[in-house]
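Written below as structure tokens is the structure these notes are about.
Below, read A as the first sequence line, B as the second, and so on, with proteins coming before strands; counting in each chain starts at 1.
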Amino acid sequence: MGEYNFKEVEKKWQEKWDKTKPFKAIDFHPTKPKYYVLYEFPNVSGGNLHLGHLKGTIPADVLARYKRFCGYNVLFPIGGDAFGLPAENAALKTGTDPREFVKNGMKKFKEQFKAIGLSFDWDRSFCTSDPDYYKWTQWIFLQLLKHGKAYKQRGFVNYCPNCKTTLSNEDSQGGKCDRCGGEVIQKERNVWYLKMKEYSEKLLQNVDRVQMAENLKQSQRNWIGKSEGMKVKFKLEDKNGKDLSNLEIFTTCIETIYGVTFMAVAPENKIIDTLKTHITNLDEVLAYRKKTELRSEFDRKSDQKEKTGCEIKGIYAVNPLTGRKIPVYAADFVLNGYGTGAVMAVPTHDQRDYEFAEKFNIPLIQVLEGDVSKQAVEKGEYLANNSKLLNSAEFSGMPVKEAKPKIIEKVEKLGLGEKVTNYQMQDWSFNRQRYWGEPFPVIFCPHCGVVPVPEKDLPVLLPRTNDYNPSLNGDSPLAKIKDWVNCKCPQCGRDAKRETDTMPNWAGSSWYWLRYTDPHNDSALADYEKLKYWGSVDCYTGGTEHITRHVLYAFFWQNFLYEIGAVPTRDPFIRKMGSGLILDDQGKKMSKSSKNGVSTMEVIDKYGADVARMHVHFLGGYEDNTPWTYQGITGITSFLDKVWSLQDMIKGEGISKEHIFALNRLIKKVGEDYENLHLNTAISALMIFMKKIKDDKFITLDELKAFLVLLNPLAPHITSEMYEKVFKGDILTETWPKYDEKYLVEDVVSLPVQINGKLAKVISVPNEATEQTVMEIIKASHQSILTGEVIKTIYIPGKILNLIIKK
RNA sequence: GCGGAUGUGGCGAAAUUGGCAGACGCGCAGGAUUUAGGUUCCUGUGGGAAACCGUGCAGGUUCGAUUCCUGUCAUCCGCACCA
């Protein structure tokens with residue numbers, strides 16, 4: 001046996017896998033069950049893979065390799081998320097065609113993925129910017145349009161002045177542009193929306209069904225933001241008491257309705273327009289509206305959100321239960337997009353209402369027990385205490401829990417309101433004014449209006465240009481390409497214009513797992529039978545930073561495609577694993593922008609792919625954030641050195657009696673750990689077994705074979721090489737060894753014996769010994785621990801014996 | 001403010017129907033082999049002189065609690081003027 005040369009050996013196997021394609025997934029395999037493992041495809045950039053990719057890909061690869069040994073027909077594909085920022089920025093900076101950038105970026109990724117030893121089926125690879133892929137992204141948009149799930153509307157949207165493009169809510173989280181990190185402002189534009197809000201309840205069910213960490217589920221539920229309450233109509237009157245119309249509000253706290261002292265509507269609320277002839281200070285109100293349009297920008301910068309508002313004079317609301325006349329304010333703490341854009345304000349039991357009332361000297365009426373001298377008694381608080389109602393007519397004195405349903409009933413009976421459910425999630429604003437995205441398959445005709453491009457004319461190719469900048473007026477760069485923009489209406493044949501905005505870069509990633517099942521299909525997004533065969537993704541790994549966007553978009557699109565019969569399954573994923581971060585030595589996230597990143601190739605160059613794969617995952621669990629360090633990597637190198645030296649320790653065949661228990665336990669443990677992506681404990685189990693082999697100074701041929709298979713998913717190169725040298729074949733033809741239940745527990749086991757709950761001695765007893773046998777052993781050989789009269793014994797076979805002794 | 005997760009040696013971390021806390025690895029200490037060693041191998045390694053004490057802190061349930069319950073503190077993450 002010579003020295004192990006990882007550079008040579010790893011290259012040899014990677015080339016072999018490249019040539020012989022042993023990881024090809026087979027459609028409709030006649031005997032093997034399917035298993036679909038997916039790693040979230042990377043955004044194609046020009047750079048190197050960072051350690052995050054190493055952390056993210058390996059568990060998926062381990063699972064894929066493990067499942068193949070277990071006899072599954074595994075689909076483990078990869079591609080590139082290619083539209084969007086990196087390619088576009090490169091284009092803006094250097095003038096390179098983004099197509100070239102993507103091509104080169106993908107080539108680089110491919111080389112690096114291969115250098116890690118990942119077992120992807122490369123024949124199914126594609127980029128979202130490939131025309132024969134985005135043809136189907138456009139096709140899905142046409143279906144959304146056809147089924148009324150896409151609409152164009154003028155409205156206020158998130159807009160990034162820096163990127164000169166509109167953004168979805170999901171892309172503007174925290175008021176920051178997800179593309180550049182700049183401040184997002186509100187701007188009025190024509191916007192394509194997808195009716196995602198309609199799917200809120202279904203998305204919540206998706207979240208419930210998918211196997212995923214609780215914190216990820218919670219942040220999705222949070223984003224969907226379900227809340228149950230009531231819509232209630234308040235009559236509006238002019239100052240003479242003449243009926244004008246109704247103001248509808250949404251509240252989750254109907255129990256506080258007797259405490260309403262003012263109404264507040266969003267400045268944009270259309271009630272201001274419809275009742276403008278009755279408003280005596282219309283100028284003031286409109287000026288306030290104008291001011292708030294510009295305000296959101298600085299608001300977000302200031303920590304102090306000072307309440308502002310403007311009384312709408314000349315109109316009053318009437319509390320339907322008390323008949324009390326109350327003032328109406330326009331106030332920007334009320335959001336136009338949520339509920340009805342209007343609220344009933346109860347300053348004693350809502351902190352915002354309290355602050356507003358204080359500023360505008362509005363009276364307070366307390367309707368629930370608690371101290372409201374300095375602040376409101378909030379819902380959580382009075383619900384927790386189940387406080388009693390005050391000043392609430394016939395409900396006064398009742399605890400909240402009792403009063404609430406009765407008030408609801410009363411309001412409903414009087415025909416003043418009804419129970420409703422609200423969601424914070426909004427429709428998905430779906431267009432961007434950028435070059436590098438899917439063109440919309442839509443034509444505007446002066447005579448026919450919005451006309452979809454006929455399906456036979458797809459894809460609408462993204463035209464080439466060398467000017468990638470948006471226009472000064474905010475139009476997309478495509479608007480400048482006149483001979484592309486001007487076209488004929490497919491319906492009437494007259495002059496028409498194309499939609500010049502492009503889709504957001506999330507479009508292509510909202511259905512890509514479906515395409516892997518049939519990536520070259522030219523007549524459907526994928527063949528229905530193939531979709532049926534591969535079904536939902538069994539295990540989807542990847543980052544957590546996109547969880548409220550990518551995963552919810554994925555649920556949304558697949559729900560829709562399922563409902564129109566384009567795909568056979570409603571759930572895209574059965575299990576979603578969120579990869580933890582790799583942190584630097586300061587505990588900060590490794591990223592390109594903070595320049596603290598260690599490149600995957602650097603680690604592979606120094607130590608080899610097998611060591612890199614194992615070390616990253618020996619540092620901690622897959623879903624945990626783990627600080628990166630080279631410290632300790634010698635633990636892995638010396639382990640693999642010992643594995644290599646096993647070749648000199650082979651003695652005999654079969655499974656030796658010395659190793660039969662350890663090996664069976666190892667097979668069980670490693671299999672379970674791979675299934676759960678607990679790679680760190682799998683590695684430690686393999687190390688423990690290795691220790692035993694070293695102590696015993698031999699391993700049999702069959703033990704070695706099993707051991708190599710167990711280790712192969714983690715360290716595919718060294719195990720393939722050893723297998724070939726020793727067994728003259730390809731380890732990939734092996735099957736996962738089976739363990740035998742009867743060899744998991746040895747005949748003689750150690751049993752801890754406690755005296756009064758404290759460990760006294762560990763004794764050897766036969767496996768599954770009865771209490772009587774154990775007591776006899778103690779009396780015969782360990783009499784000294786019995787220091788008094790045994791008054792009680794607790795015996796759990798194989799686990800513990802606890803003796804309660806009275807002295 | 002709301003919601004979620006986490007809290008264990010010098011370090012990364014193990015431990016689930018409640019049953020020997022700290023597996024495995026690093027580091028550290030001592031020893032062996034070696035001309036040499038940032039090599040390899042062996043031994044030890046939670047604290048404490050010890051009785052004992054130890055899983056953020058304080059209680060509780062239990063024969064027995066890192067694990068279950070109540071309260072509390074800290075850190076991280078998500079959302080946030082959502083009525």
Practice prompt. Name the residue closer to the 5' end of RNA chain B, choosing between A:Gly632 and A:Gly225 according to the nucleotide with the nearest heavy atom.
Written response: A:Gly632

Fill in: For B:G38, the Watson-Crick or wobble counterpart (both distances under 3.5 Å)
none

Discussion item. Could you tell me how far B:C79 sits from B:U70 if I compare only their P atoms? Round to whole Å.
Written reply: 28 Å

Worksheet entry | Any-strand Watson-Crick or G-U partner of B:A29, both distances under 3.5 Å | B:U43

Worksheet item: With a 4.5 Å limit on heavy-atom distance, are the side chains of A:Phe555 and A:Val207 in contact?
Response: yes

Worksheet entry | Candidate list A:Phe639, A:Trp628, A:Tyr630, test ring pair (Phe, Tyr, Trp, His ring centres under 6.0 Å), partner A:His615, passing option | A:Trp628

Worksheet entry | Minimum-distance nucleotide to A:Ile800 side chain [options: B:G3, B:C20, B:G78] | B:C20

Worksheet entry | Pairwise C1' distance for B:G19 and B:A29, with rounding to whole Å | 34 Å

Worksheet item: A:Ser684 side chain: which of B:C26, B:C24, B:A14 is closest?
Response: B:C24

Worksheet item: Counting only heavy atoms not in A:Lys359, do more than 12 fall under 6.0 Å of its NZ?
Response: yes

Worksheet item: B:C79, B:C20, B:C24: which one has an atom nearest the side-chain heavy atoms of A:Pro752?
Response: B:C20

Practice prompt. Go through the N and O atoms of the side chain of A:Asn802 and the base of B:C63, and report whether any donor-acceptor pair is under 3.5 Å.
Written response: yes

Fill in: Interatomic distance at P, B:U72 relative to B:G3, whole Å
13 Å

Worksheet item: With rounding to whole Å, what would you report as the distance between B:G27 and B:U33 at their C1' atoms?
Response: 23 Å

Fill in: Watson-Crick/G-U partner (both atom distances under 3.5 Å) of B:A50
none

Response to the item:
Separation of B:C79 atom C1' from A:Asn215 atom CG, nearest Å, is 13 Å

Practice prompt. Please measure how far the C1' atom in B:U67 lies from the corresponding atom in B:U61, and state the result in whole Å.
Written response: 14 Å

Worksheet item: Which is true for A:Ile794 with a 4.0 Å heavy-atom rule: it touches a base, it touches only sugar-phosphate, or it touches nothing?
Response: base

Worksheet item: Touch check for A:Ile804, heavy atoms < 4.0 angstrom, all strands: base, sugar-phosphate only, or nothing?
Response: sugar-phosphate

Worksheet item: For the side chain of A:Thr681, counting heavy atoms from C-beta on, which of B:A15, B:C79, B:A83 is nearest?
Response: B:A15

Worksheet item: Which nucleotide in the list B:C79, B:A23, B:C63 gets nearest to the side chain of A:Ile688?
Response: B:A23

Fill in: For B:A74, the Watson-Crick or wobble partner whose two distances fall under 3.5 Å
B:U6

Worksheet item: Taking the side chain of A:Met687 as heavy atoms from C-beta outward, which of B:C24, B:C63, B:C26 is closest to it?
Response: B:C24

Item to complete: Tell me what A:Ile796 touches on the nucleic acid: a base, only sugar-phosphate, or nothing, going by heavy atoms under 4.0 Å.
Response: base

Worksheet item: Among B:C20, B:G12, B:C63, which nucleotide sits nearest the side chain of A:Lys792?
Response: B:C63

Discussion item. Using a 4.0 Å heavy-atom cut-off, does A:Lys642 contact any base of the nucleic acid, only the sugar-phosphate backbone, or nothing at all?
Written reply: sugar-phosphate

Worksheet item: Side-chain N or O of A:Asn680 less than 4.0 angstrom from OP1 or OP2 on B:A14?
Response: yes

Item to complete: Provide, to the nearest angstrom, the distance between the CD atom belonging to A:Glu771 and the P atom belonging to B:G19.
Response: 19 Å

Worksheet item: Does the ring of A:Phe333 carry A:Lys307 above it, NZ/CZ under 6.0 angstrom from centre and within 45° of its axis?
Response: yes

Worksheet item: Under 4.0 angstrom, heavy atoms only, what part of the nucleic acid is A:Asn625 near: base, sugar-phosphate, or nothing?
Response: sugar-phosphate

Worksheet item: Quick check: are there more than 12 heavy atoms from other residues, nucleotides or ligands sitting under 6.0 Å from CD of A:Gln772?
Response: no

Discussion item. In terms of relative ring orientation, are A:Trp644 and A:Tyr4 parallel, tilted or perpendicular, with 30° and 60° separating the classes?
Written reply: tilted

Worksheet item: Which value, in whole Å, describes the distance between the C1' atoms of nucleotides B:A74 and B:A80?
Response: 22 Å

Discussion item. Whether A:Lys669 engages the ring of A:Phe689 as a cation-pi pair (distance to the six-membered ring centre under 6.0 angstrom, angle to the ring normal within 45°) should be assessed.
Written reply: no

Fill in: Whole angstrom value for the distance that separates C1' of B:C41 from NZ of A:Lys697
11 Å

Worksheet item: Can you check B:G22 for me, syn or anti if syn means within 90° of 0?
Response: anti

Worksheet item: Hey, do the aromatic rings of A:Phe262 and A:Phe360 have their centres closer than 6.0 Å?
Response: no

Practice prompt. Could you please name the partner base of B:A65, counting Watson-Crick and G-U wobble pairs only when both distances are under 3.5 Å?
Written response: none

Response to the item:
Between NZ of A:Lys799 and P of B:C20 the distance, given in whole Å, is 8 Å

Practice prompt. Let me know the distance between CG of A:Leu640 and P of B:C24, rounded to the nearest Å.
Written response: 18 Å

Worksheet entry | Gap between atom CD of A:Glu198 and atom CG of A:Asp427 - 0.5 Å precision | 8.0 Å

Worksheet item: Which part of the nucleic acid, if any, lies within reach of A:Val334 when heavy atoms closer than 4.0 Å are counted: base, sugar-phosphate only, or nothing?
Response: base

Worksheet item: Below 4.0 angstrom from OP1 or OP2 of B:G38, is there any side-chain N or O of A:Thr634?
Response: no

Item to complete: Scan every strand shown for a Watson-Crick or G-U wobble partner of B:G1, both distances under 3.5 Å, and answer none if you come up empty.
Response: B:C79

Worksheet item: Which nucleotide in the set B:C81, B:C79, B:C24 lies at the smallest distance from any side-chain heavy atom of A:Phe333?
Response: B:C81

Response to the item:
In whole angstroms, the gap separating P of B:A13 from CG of A:Asp624 amounts to 7 Å

Fill in: Euclidean distance for C1', B:A83 against B:U6 (whole angstrom)
32 Å

Practice prompt. Report yes if at least one side-chain N or O of A:Lys691 is closer than 4.0 Å to OP1 or OP2 of B:G25; otherwise report no.
Written response: yes

Practice prompt. Identify which nucleotide among B:G19, B:C63, B:C41 has an atom closest to any side-chain atom of A:Gln754, counting heavy atoms from C-beta outward.
Written response: B:G19

Worksheet item: So which nucleotide from B:C53, B:A83, B:C24 ends up closest to the side chain of A:Thr252?
Response: B:A83

Worksheet item: For B:A14, which nucleotide in any strand shown is its Watson-Crick or wobble partner with both distances under 3.5 Å?
Response: none

Worksheet item: P atom, B:G18 versus B:C26: distance in rounded Å?
Response: 34 Å

Discussion item. Under 4.0 Å between a side-chain nitrogen and a carboxylate oxygen: does that hold for A:Glu358 and A:Lys374?
Written reply: no

Item to complete: Please figure out whether A:Lys669 or A:Ala342 has its closest RNA chain B nucleotide nearer the 5' end.
Response: A:Lys669

Worksheet item: When the distance from OH of A:Tyr354 to P of B:G1 is rounded to whole Å, what number comes out?
Response: 17 Å

Practice prompt. Give a yes/no answer on whether the side chain of A:Lys758 brings an N or O atom under 4.0 Å of OP1 or OP2 in B:C53.
Written response: yes

Discussion item. So A:Gln424, base contact, sugar-phosphate only, or nothing? Heavy-atom distance under 4.0 Å.
Written reply: base

Worksheet item: Rounded to whole angstrom units, what separation is found between the CG atom of A:Asp695 and the C1' atom of B:C24?
Response: 15 Å

Item to complete: State whether the distance check finds a donor on one side and an acceptor on the other, under 3.5 Å, for side chain A:Lys307 versus base B:C81.
Response: yes

